[in-house]
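First the structure, in the form of structure tokens, and then the observations on it.
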Amino acid sequence: MSHTILIVDDEVEIALSLKEYLEQNGYNALVANNVDDAFKLIGEHKVDLILSDIRMPDKTGLDLFQEFKEKIDTENAIPFVLMTGFADIISVQNAFKIGVDELIAKPFDLEAIGLVIDYLLDSDRSYGSSNENF
């Protein structure tokens, strides 16, 4: 069974590049260009991991994570990875403080993202998998 990864990024080229890479590596990939579309896809599909940009118009990736963690059952926590093109120390600290599993800086290497995804999906070590941290 293939894992499904939700990519949330307002930069269409980046989202489609990630989708293509993930599908070439055996994953199912869904793309949302904003937080509202992300929630719609989460309601329609079983998502195994979320990969979200931090800075997007309207709502941020941090907003998505906070709303998401309020709405889901923590027994079935889904790993959550944030991507950012901005080295914003406050956002990074806040992301880990609220329980985000990983933060990836843009521009990124697709193989590095693949390793992070493999690690989070093939282990019970993600922060989101633990009620204590989630």
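Just so you know, residue 1 is the first one in the sequence shown, and it goes up from there.
R55 has no carboxylate O lying under 4.0 Å from a charged side-chain N of D53, or vice versa, which leaves the two without a salt bridge.
Atom CG of residue L51 and atom CD1 of residue I117 lie 5.0 Å apart, to the nearest 0.5 angstrom. With rounding to the nearest 0.5 angstrom, the CE atom of M83 is 9.5 Å from the CD1 atom of I54. Atom CG of residue N28 and atom NE2 of residue H45 lie 10.0 Å apart, to the nearest 0.5 angstrom. Separating the OG atom in S52 from the CG atom in L6 is a distance of 8.0 Å, to the nearest 0.5 Å. Residue L120 holds its CG atom at 12.0 Å from CD1 of I50, rounded to the nearest 0.5 Å. One distance of note links CG of D9 with CD of E13; it measures 11.0 Å at 0.5 Å rounding.
Under the 4.5 Å side-chain criterion, counting only non-hydrogen atoms from C-beta, V116 is not in contact with F108. Contact annotation: the side chain of F68 approaches that of F39 to within less than 4.5 Å [non-hydrogen atoms, C-beta and beyond]. Looking at heavy atoms from C-beta onward, E23 lies out of side-chain contact with L18 at the 4.5 angstrom threshold. You'll find the side chain of L62 reaches within 4.5 Å of the side chain of L82, heavy atoms only. Inter-residue side-chain proximity for L30 and K19 is flagged as unmet; no heavy-atom pair is nearer than 4.5 Å. Using a 4.5 Å heavy-atom cutoff, the side chains of I104 and I113 are in contact. Side chains of L121 and D48 form a contact here, defined as non-hydrogen atoms less than 4.5 Å apart.
Judged as a salt bridge (Lys or Arg N to Asp or Glu O under 4.0 Å), and not counting sequence neighbours, E20 has no contacts. Residues satisfying the side chain to side chain contact (heavy atoms under 4.5 Å, CB included) criterion with L115, sequence neighbours excluded, are absent altogether. Qualifying salt bridge (Lys or Arg N to Asp or Glu O under 4.0 Å) partners for K40, counting only residues two or more places apart in sequence or in other chains: none. Scored by the side-chain hydrogen bond (donor to acceptor under 3.5 Å, both in side chains) test, D37 finds N34 as partners (sequence neighbours excluded). Legend: residues meeting salt bridge (Lys or Arg N to Asp or Glu O under 4.0 Å) with D10, ordered by chain and number and at least two apart, are absent.
Minimum heavy-atom separation, M56 to T60: CE-C, 4.0 Å. In plain terms, the two heavy atoms of S17 and L110 that are nearest each other are OG-CD1, 4.1 Å. A38 and L64 get closest at one heavy-atom pair: CB-CD1, 4.2 Å.
The environment of CG in D109 is crowded: more than 12 heavy-atom neighbours from other residues, nucleotides or ligands sit within 6.0 Å.
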**Item:** Working for side-chain contact (heavy atoms from CB on, under 4.5 Å), residues V47 and H3
**Value:** CA-CA 8 Å; V47 174; H3 290 289; over 6 Å; no
**Request:** Give the C-alpha distance, both sets of side-chain angles, the deciding distance and a yes or no for side-chain contact (heavy atoms from CB on, under 4.5 Å) between E11 and N33.
**Result:** CA-CA 7 Å; E11 295 179 60; N33 299 117; over 6 Å; no
**Message:** For Y21 and E111: C-alpha separation, side-chain torsions, deciding distance, then whether side-chain contact (heavy atoms from CB on, under 4.5 Å) applies.
**Reply:** CA-CA 9 Å; Y21 172 79; E111 288 183 21; 4.1 Å; yes
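Grouped by direct or indirect side-chain proximity (heavy atoms under 4.5 Å, Ile/Leu/Val/Met/Phe/Trp/Tyr only), L16 sits with V12.
Ring planes of F80 and F65: perpendicular class, angle over 60° (limits at 30 and 60°).
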